[in-house]
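See below for the structure under consideration.
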Amino acid sequence: MFKFFTQKKWFLWAYLGSAVILTSLWLSVQIDVQINEWFGGFYDMIQKALAEPNAITMDEYMGGLWSFAKLAAMWIVLGLATSFLTSHFLFRWRASMVEFYHSVYDKARTIEGASQRVQEDTIRFSRIMEGLGTSLIESIMVLIEYFPLLMGLSVGIPILWFGDWEYGLVTGALIWAVGGTLLMIGLAWVLRLVGIEYDLQKREAAYRKVLVIAEDDGTVRPKTLNELFEGVRLIHYKSYLYYLYFNIGRLAYLQVNVLVAYIVLAPAIVAGVMTLGVMQQIIRAFGRVEGSLQYLFNSWPTIIELASVYKRLREFEGQIESMTELEAK
């Protein structure tokens, strides 16, 4: 799966492409930080305007909107370019995997579900990595930028349970996000979701193989197809039930999550020790830090799918290696 990073043919895309993608993600985070600063100034201007008629001019107000439009335009253009480049990068990663499987397909074709591994699992791997990989890197970059920013904004502002402690906001975000992530990991482990996903794909592969054989072999009985599909039906129903249990905890957490920033800022809001602009900056920065820390939580269903795909491809490659070693002997 990782020959993309070791073969000379792919070095340019693997390493220069990675560097360009990382740089563009970093620039996107920098623009996001500037947007966060804009929120502070703009909402302070709104507070001033609402407190006293004609305290600001129309030019000042429209100028504030125009400042946001320029930042948003840069963020959109950079995001589109990053998405385009990432798609090409990951397709070439998939191509390196497929080329290897093609080179050994005379052996691999005898492995059950080989066609599905080579065609379906490689494309699923690249598509999942496109969203999951870039999100992980961006989350790390957001933490690097927003942690010190959040600590600076919280100076002198009382935080629920932490008082005036300068690390109160980031500690609150850390406790809440890590707690939610551990909750999801615990639920997924208890419900064995990765194993269910793996079993689901395995039964689908067996069903698909018999369907392909039945296209050319008239001796395949409908009863055989029905028996296989019954197994597919049962594993799907099982997955629906287990994901229902999983989503009860996940959705309950996400609903409470909407109010967390307002809860921890309750003492400062009630005491009126900050302006509307500062509150908006803090809430947005808190949300960005919290969202990055919740990366595993928010991505858990996709991570389960990726783990299942990875497990199947590693199993496939392991069988190919075993067959090669037997031939060598």
Side-chain angles (χ1 to χ4, degrees), residues 25 28-29 32-33 35-40 43 75 79 128 131-154 157-163 165-191 193-194 240 242-271 273-274 276-307:
L25 288 172
S28 294
V29 172
D32 191 66
V33 170
I35 290 175
N36 194 69
E37 294 176 359
W38 174 88
F39 268 95
Y43 276 92
W75 187 87
I128 294 171
L132 208 58
T134 53
S135 296
L136 172 61
I137 295 168
E138 188 175 12
S139 294
I140 294 171
M141 291 179 174
V142 166
L143 286 176
I144 293 171
E145 283 296 307
Y146 274 94
F147 246 94
L149 177 62
L150 191 58
M151 285 191 291
L153 288 169
S154 62
I157 293 179
I159 306 300
L160 192 66
W161 301 306
F162 296 103
W165 187 39
E166 62 179 319
Y167 302 109
L169 271 176
V170 293
T171 303
L174 183 64
I175 291 172
W176 178 251
V178 172
T181 300
L182 291 176
L183 170 67
M184 290 301 100
I185 292 174
L187 278 174
W189 180 77
V190 169
L191 297 172
L193 293 184
V194 174
Y240 299 156
Y242 280 39
Y243 269 101
L244 173 64
Y245 298 148
F246 179 80
N247 285 326
I248 289 172
R250 181 171 178 267
L251 294 176
Y253 177 88
L254 289 174
Q255 287 303 306
V256 177
N257 190 63
V258 175
L259 298 176
V260 170
Y262 294 96
I263 292 171
V264 298
L265 284 174
I269 294 172
V270 172
V273 296
M274 59 183 174
L276 180 63
V278 172
M279 187 190 78
Q280 287 294 327
Q281 277 186 290
I282 291 175
I283 288 175
R284 193 172 185 277
F286 184 91
R288 295 292 278 153
V289 169
E290 185 184 44
S292 296
L293 289 170
Q294 290 172 346
Y295 168 79
L296 287 177
F297 177 88
N298 292 324
S299 305
W300 194 248
T302 310
I303 290 172
I304 290 171
E305 184 180 2
L306 177 62

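The chain is numbered in sequence order, starting from 1.
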Is there a side-chain contact (heavy atoms from CB on, under 4.5 Å) between L160 and L265 once you walk through the steps?
CA-CA 6 Å; L160 192 66; L265 284 174; over 6 Å; no
For F286 against L150, the heavy-atom pair lying closest together:
N-CD1, 3.7 Å
Between CG on residue L149 and CZ on residue R288, distance to nearest 0.5 Å
11.5 Å
Smallest separation among heavy atoms of W176 and Y253, with atom names:
O-OH, 2.7 Å
Would you call the rings of Y243 and F246 parallel, tilted or perpendicular if under 30° counts as parallel and over 60° as perpendicular?
perpendicular
So CH2 of W161 and OG1 of T171: to nearest 0.5 Å the spacing works out to 13.0 Å
Which heavy atom in T134 sits nearest to a heavy atom in L25, and how many Å separate them?
O-CD1, 4.2 Å
Evaluate the side-chain proximity of D32 to V142: yes if any heavy-atom separation is below 4.5 Å, no if none is.
no
Find the distance between CG (L187) and CG (L183) and round it off to the nearest 0.5 Å.
5.0 Å
Here the gap from M141 atom CE to L143 atom CG, rounded to the nearest 0.5 Å, amounts to 11.5 Å
Using 0.5 Å steps for rounding, measure from the CD1 atom of I157 to the CD1 atom of I282.
3.5 Å
Let me confirm one number: the CG-CD1 distance from L153 to I283, rounded to the nearest 0.5 Å.
11.5 Å
When every non-hydrogen atom of N36 is compared with those of A285, the smallest separation belongs to OD1-N, 3.6 Å
Can you name the closest pair of heavy atoms from V264 and A261 and give their distance?
CG2-O, 3.2 Å
Closest non-hydrogen atoms of Q281 and E37, given as atom of the first, atom of the second and distance, are NE2-CA, 3.5 Å
